[in-house]
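Here the structure is laid out as structure tokens; the discussion comes afterwards.
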Amino acid sequence: MNSDPDVIVIGTGAGGAALAWSLSRQGLNVEALEAGPRYDFSRDYRLQKSDWEQIGFPEKIPTADRQVIAPLQELQPKWAHLRSWNIVRGLRVRSQRRSSAGGYKHVVGLGGTTLYFTGEYHRINPRAMHMATDFGVAADWPLSYKELEPHYKVVEKIVGVSGKSNAAYQRRSSDYPLPPLPLSHSTKVLKKGFDHLGLDFGPNPLAVLSKAYDGRPPCNFCGNCNRGCPRGDKGSADLTFLRHAELSGHCTIETGAQVARLELNNDRVSRVVYFDDDGRERARSAPIVVLACGAIETPRLMMNSGLRKYSGAIGLNFMETLAWTSVGLHSEPLGSHRGHPSDAICWAFNDPDSVNGVVGGFRISPGTAEANLVGPINYAARVAGSFGREHKRLMRESFGRALGVTAIGENLPNPRSFVDVDSRAVDAWGIPKARINSFLPDSELQRLAVMANTCREVLDAAGIEKLIDESGSYDEFGSSHVFGTCRMGLAAEHSVVDPWGKVHGTKNLYITDASVFPSSGGGESPALTISALALRTAQAIARGHSR
Amino acid sequence: MAWSRRKVVQVIGAILSTGFMWSIMPVHSSQRDERIYTLLLAYTDTIIPRDEKLGAVDLGAHERIASRMRSDQGFLTIVEASLKSLDKRAKVRFGAPFDRLDQQRRELIVGEIARRPIEDMLGWFFNATRAEIFMAYYARPESWSGLGINRPPQPYGYPDAQHPWSPVGR
């Protein structure tokens, strides 16, 4: 590739990576700037070590302090049944104010947060794309599911998605590339609970290989995807899109490149200014610039670059992960530390109107690994507790018996949830950090309450002896799925980008990450839709380039 | 006496600011350190004792606490004070130092502080040190005997994940 790229893409997660792959495959020269380092899946992940459980994902760049979270809402007695608690530790949040301890869960590295995800790969429910028209909330997507569907298919093929093609709730024009992963024993036990309640619970579409594919081996069910897959069977963006993009000869990647600002001239991005791995300020230029930094860092970069003049909606309409997890102790030993963490899913409540009196859907999947109960350290601290001989007895009795379910739901935008920058809090380069402002109104908590009650009913029907651990969004902010801060729409008054991802009023600036989502969907994991939208944006860029 | 976390921090700050710790440590540090270390071993053995399987001291879990004591002055102060408190309680209740008691009696002494709230200094000590012991002990494969696992999740994974499971015989 020569030194002048056709396109600069900033960020290499699900959006940036897919876009880089698509454009490089079409012969355009792409330069990807990634703030974090590369991860070597065979060396950097720790699941083969005996102390594997002591840390989560092995971050090379710590993420906890990269953003600021504004003070959160006070807790209310009427929602006491939504407090997070544990049978050993008691209440998780001891103050009367919502905690920010969970933070914005993401990875800074080549491949972004796909390095950390469990590989859930969902298409959005088409009914969740018309929330404004049908329900008077959020905004409509300015494109149809039908327009997105061909891109879904391409992404699923590149990544190697395993799924049950004829399952209920699917809207597909072709089969999944691979058959579904087999359900683990503990998921089969959980399924009895769903069956008892008359709820369909079947294989979850996953960017995790059920068979060898594209030079990568199949999953061996170790249950720890979010600590980093050391086999390469999980379809993280570095091993799928970016590997093929680099092989094309049309994509170069610079890691350790922290972009500081965009400089515009006549509504055109003229320079991308960044600090390289050695801390030197550098600048790059290209005919097209694409932001793919996620729903927190993309609006931050735009605000720090003075781009609010193009849309007052930058940073508004922030949507987070509305989640609930309940864990019980089953009467039988299950070996529930085994198997893919999220191998099955229930879509019965996914439609926006599936619950009377509540707008917005949700879905439910296994939650034992989500609760981090897959190894002896967490069992000791959060299931057995106690000490002495009693502790040892409880450990032997309980290990492998935790059974959890997680519900993830729609999160609708509200005026008190937004992202801005905090000029008093700067990063190592002196750049103001993003500040997350999150608020959950009663309408969100009503949906969360339904999610919590459903999880409890499922576990009860599945034969648990007692609940041992519950956690949710009510008393602690913790989000990996974040959306909406650069909404896609037709007019700059209410949105930031057009239906092709181009920033209103600019000539060469695009966005391709979950910040463009007009609504969050009913709990679907967003990675697949982010990548599909990126291919659509790449299509528009390539057409413009060829003209 | 119930100590709030804030009060604990204030007292530690006062001790450090007066140089109190530094003034006494060189004089009797060796003898005192030895006594504290002996109490730490006894306490660690109480949290996870050896039975037919190995205990926490067998696997060196106390070293994780000792290491943190060397690098965290506030932690050192609380652990020292708490271990001395356990020793004093043992002498009052059973007429012998904590480390000379059998497991059953040591468990009774530790049980007194285990019920205290985390806002209390001794309650905080129990929860913090127990977490360290769990973290160190269960990071050693020798501790997994009887749980039904015998190796980390990789490189072999759990190819039997679809099938029923029993911890017996694993």
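Reminder, nothing fancy here: chain letters follow the sequence lines and each chain counts from 1.
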Go through the atoms of [X] and report whether side chain, backbone, both or neither lie under 4.5 Å from a heavy atom of chain B.
X        : value
A/Pro376 : both
A/Ser386 : backbone
A/His337 : both
A/Val189 : neither
A/Arg227 : neither
A/Gln54  : both

Top of [options] for chain B proximity - count of heavy-atom pairs under 4.5 angstrom:
options                                : result
A/Ala384, A/Ser186, A/Gly385           : A/Gly385
A/Ser398, A/Gly375, A/Ser184, A/Gly339 : A/Ser184
A/His340, A/Lys188, A/Arg46, A/Glu53   : A/Lys188
A/Val374, A/Asn378, A/Asn220, A/Val88  : A/Asn220
A/Pro230, A/Ala380, A/Ser336           : A/Ala380

With a 4.5 angstrom heavy-atom cut-off, is it the side chain or the backbone of [X] that approaches chain A, or both, or neither?
X        : value
B/Ala114 : side chain
B/Glu52  : side chain
B/Arg50  : backbone
B/Tyr156 : backbone

>> Looking only at heavy atoms and a cut-off of under 4.5 Å, which of B/Asn127, B/Thr46, B/Asp51 has the most pairs with chain A?
In response: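 Maximum pair count with chain A is reached by B/Asp51.
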Quick check for you: to the nearest 0.5 Å, what is the distance between [X] atom [atom1] and [Y] atom [atom2]?
X        : Y        : atom1 : atom2 : answer
A/Met395 : B/Tyr137 : CE    : OH    : 8.5 Å
B/Glu119 : A/Arg94  : CD    : CZ    : 5.5 Å
B/Ser145 : A/Arg396 : OG    : CZ    : 7.5 Å
A/Gln48  : B/Arg151 : CD    : CZ    : 13.5 Å

Do other residues, nucleotides or ligands put more than 12 heavy atoms under 6.0 Å from the [atom1] atom of [X]?
X        : atom1 : answer
B/Lys84  : NZ    : yes
A/Lys192 : NZ    : no
B/Lys88  : NZ    : no
B/Arg100 : CZ    : no
A/Asp65  : CG    : no

For [X] and [Y], work out which heavy atoms get closest and say how close.
X        : Y        : value
A/Gly400 : B/Trp165 : CA-CZ3, 4.0 Å
A/Phe221 : B/Ala161 : CB-CB, 3.9 Å
B/Gly157 : A/Cys222 : CA-CB, 4.0 Å
B/Gln104 : A/Arg389 : CA-NH2, 3.6 Å

Keeping [X] on the side-chain end and [Y] on the backbone end, is there a donor-acceptor pair under 3.5 Å?
X        : Y        : value
A/Lys392 : B/Ile48  : no
A/Arg338 : B/His163 : yes
A/Ser50  : B/Ala139 : yes

>> Are the side chains of A/Trp52 and B/Pro153 in contact, using a 4.5 Å heavy-atom criterion?
In response: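 Yes - at least one pair of side-chain heavy atoms lies under 4.5 Å apart.
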>> Students often mix this up, so state it plainly: with edges at 30° and 60°, are the rings of A/Phe387 and B/Phe126 parallel, tilted or perpendicular?
In response: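 Correct class here is perpendicular.
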> Between B/Tyr138 and A/Tyr379, does the ring centroid distance fall short of 6.0 Å?
Replying inline: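 Between B/Tyr138 and A/Tyr379, the centre distance exceeds or equals 6.0 Å.
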>> Is it the case that the side chains of A/Asn224 and B/Gln154 hold a donor-acceptor pair, with the cut-off being a distance below 3.5 Å and no angle test?
In response: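 Judged by distance alone, the side chains do not pair up.
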